[in-house]
Amino acid sequence: MPAFNSLPGFRDFYPAEFAVRAYIMGVWREVARRYGFEEYDGPPLEPLELYIEKSGEEIVHQLYNFEDKGGRAVALRPEMTPTLARMVGARAAGMRKPIRWFSIPQLFRYERTQRGRLREHFQWNVDILGEEDILADAEVLAVALDALRLFGLGPNDVVARVSDRRLLERLLLHAGVPADQLPAAYAVIDKLGREEEARTREKLHKEVGLAPTTVDEVFGIFEHRDFESLARAYAGVQGVADELARLERYFEHLDAMGLGDFVVLDPTIVRGLAYYTGTVFEIFDRAGEFRAICGGGRYDNLLRAVSGVDLPALGFGMGDVVLGEILADRKLLPPLEPRLDYYIVTIGESERPLMLRVAKRLREAGNSVAYSLHPSGVGRQFKDADARGAERVIVLGPDEVAAGVAVLREMRTGEERRIPLDELTP
RNA sequence: GUGGGCGUAGCUCAGUCGGUUAGAGCGCCAGGUUGUGGCCCUGGAGGUCGCCGGUUCGAAUCCGGUCGCUCACCCCA
């Protein structure tokens, strides 16, 4: 038994696990690049106030927070958006809009671990700041969906459920929910689908203070799951027609990007975070086996709250834990074995200086090269080459050196040929 | 915070109506094979059976406690 283990909810990344992590992050970076996003990062430790300001005191219970030696209340970042808002807010005046940034921070939260939830994870954050047009909303969702496509997940595997808090606000007000009870109502509605309807009804009544008839009205909203139905029922309500029209454009944009099959309208999606103000979405596996893969939306007021700069913004977070589980479950992780371009086998110790010169030359040309670090039998060296995934083996022995050549073996086919030594050495 | 399940080799697990020295497969190391990998054969290293205590002539096995992992609930960025 080892004397120490990693802390609960924290992962060791042995090479096999690190290869998965690197693959996932590689796809994230590639898709961000394709959409023209720039990478940034911030401090993993931030002032505790940065999170309390936005989400309330109770969030402290899920934070890794402590007082530093200078007496500051600090916290390990539980999410990236406040840091982003702080950074952009500080320099917003001089930055060309819209700002398209992404980051892959490691985030922390102190919670009981369970499937898909650890105490740390890496989360791909993609955000657009300084753009009000609904095309920005579609663009952000497209980035998330395109990444999932590149991982090999199609519209039969995953679905983005989309809604808009502005629309829901109009509908809830119409149903009779008091304006000052909207945040509480959002919090309860966010649970729909995760708990029984009777319980949600009870909470709306007892915790939000809605009359039973109002609760019925609220549930009436969620019986409509498409534009036509919503429009028929509520088009006459103040503002609803405009909100529906904007959401329809959102869907049209995604359709034009070839992503229409991934997206459905779902008025019950509100997201747990308090700061969302417009479109909101969550991406799930269609089978419903896993937690949400990705969630995001528009938060037009957060920058003003954090930095005093008024800048519309939106974005999403996609974690590596749930995504990794789904990719493993669907067998979509590519082979991630170690590999080498060359392995150099020597017959005797006298060839080792030549071996090192050859390796230097090959490495300078960009190849990965390895060899035994101690004298060893030829058979053993070949075993080592095979185990390390060498594509080619170069054999250096007295016969070859005397003839001024080396043997080059293609490990996949077993084909061997002799090549002049001066093609391998400076 | 609540409840269920599980802790035996690096990994996956067997072994538990208490009974010599705790096993297998895979992996690892080495040899068979100082000039050619995968397959095969042989050998080896590697365990305080999670920990503490109790019952007993005797505990991996039974009992109590504890820690850890895990699943679900709660919560959820």
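Heavy atoms only: backbone and side chains are in, while hydrogens, waters and symmetry mates are out. Convention: sequence-line order gives letters A, B, ...; per-chain numbering from 1.
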Six-ring centre of A/Phe108, A/Arg77 cation under 6.0 angstrom, axis tolerance 45°: no

Hey, can you pull the donor-acceptor pairs under 3.5 Å for the side chains in residues 154-162 of chain A, sequence neighbours left out?
| unit_1 | atom_1 | unit_2 | atom_2 | d |
| --- | --- | --- | --- | --- |
| A/Asp157 | OD2 | A/Gly154 | N | 2.8 |

Taking the side chain of [X] as its heavy atoms from C-beta onward, which of [options] lies nearest to it?
X        : options             : value
A/Asp386 : B/C71, B/G37, B/G35 : B/G37
A/Arg380 : B/A30, B/U70, B/G35 : B/A30
A/Arg409 : B/G35, B/C76, B/G38 : B/G38
A/Gln114 : B/A72, B/G35, B/C76 : B/A72

Distances for protein N/O vs nucleotides 39-46 of chain B N/O pairs under 3.5 angstrom?
none

Give a yes or no on whether a donor-acceptor pair under 3.5 Å exists between the nucleobase atoms of B/U36, that is its base, and the side chain of A/Glu416. yes

Between C1' of B/C69 and CZ of A/Arg119, the distance in whole Å: 12 Å

Expressed in angstrom and rounded to an integer, what is the separation of A/Glu349 atom CD from B/G35 atom P? 15 Å

A/Glu416 meets the salt bridge (Lys or Arg N to Asp or Glu O under 4.0 Å) criterion, sequence neighbours left out, with A/Arg409

When you measure from the side chain of A/Glu410 to the backbone of A/Arg412, do you find a donor-acceptor pair of N or O atoms at a distance under 3.5 Å? no

Would the A/Trp124 and A/Phe316 ring centres measure less than 6.0 Å apart? yes

Check: A/Phe281 ring centroid to A/Tyr250 ring centroid under 6.0 Å: no

Please give the distance between the P atoms of B/C49 and B/G53 as a whole number of Å. 13 Å

Pairwise C1' distance for B/C41 and B/G58, with rounding to whole Å: 41 Å

Tell me which of A/Gly348 and A/Phe108 sits closer to the 5' end of RNA chain B, going by the nucleotide each one is nearest to. A/Gly348

Assuming nearest nucleotide by heavy-atom distance, tell me which of A/Asp384 and A/Arg77 is located more 5' along RNA chain B. A/Asp384

Applying the 3.5 Å cut-off to both distances, the Watson-Crick or G-U partner of B/G1 turns out to be B/C73

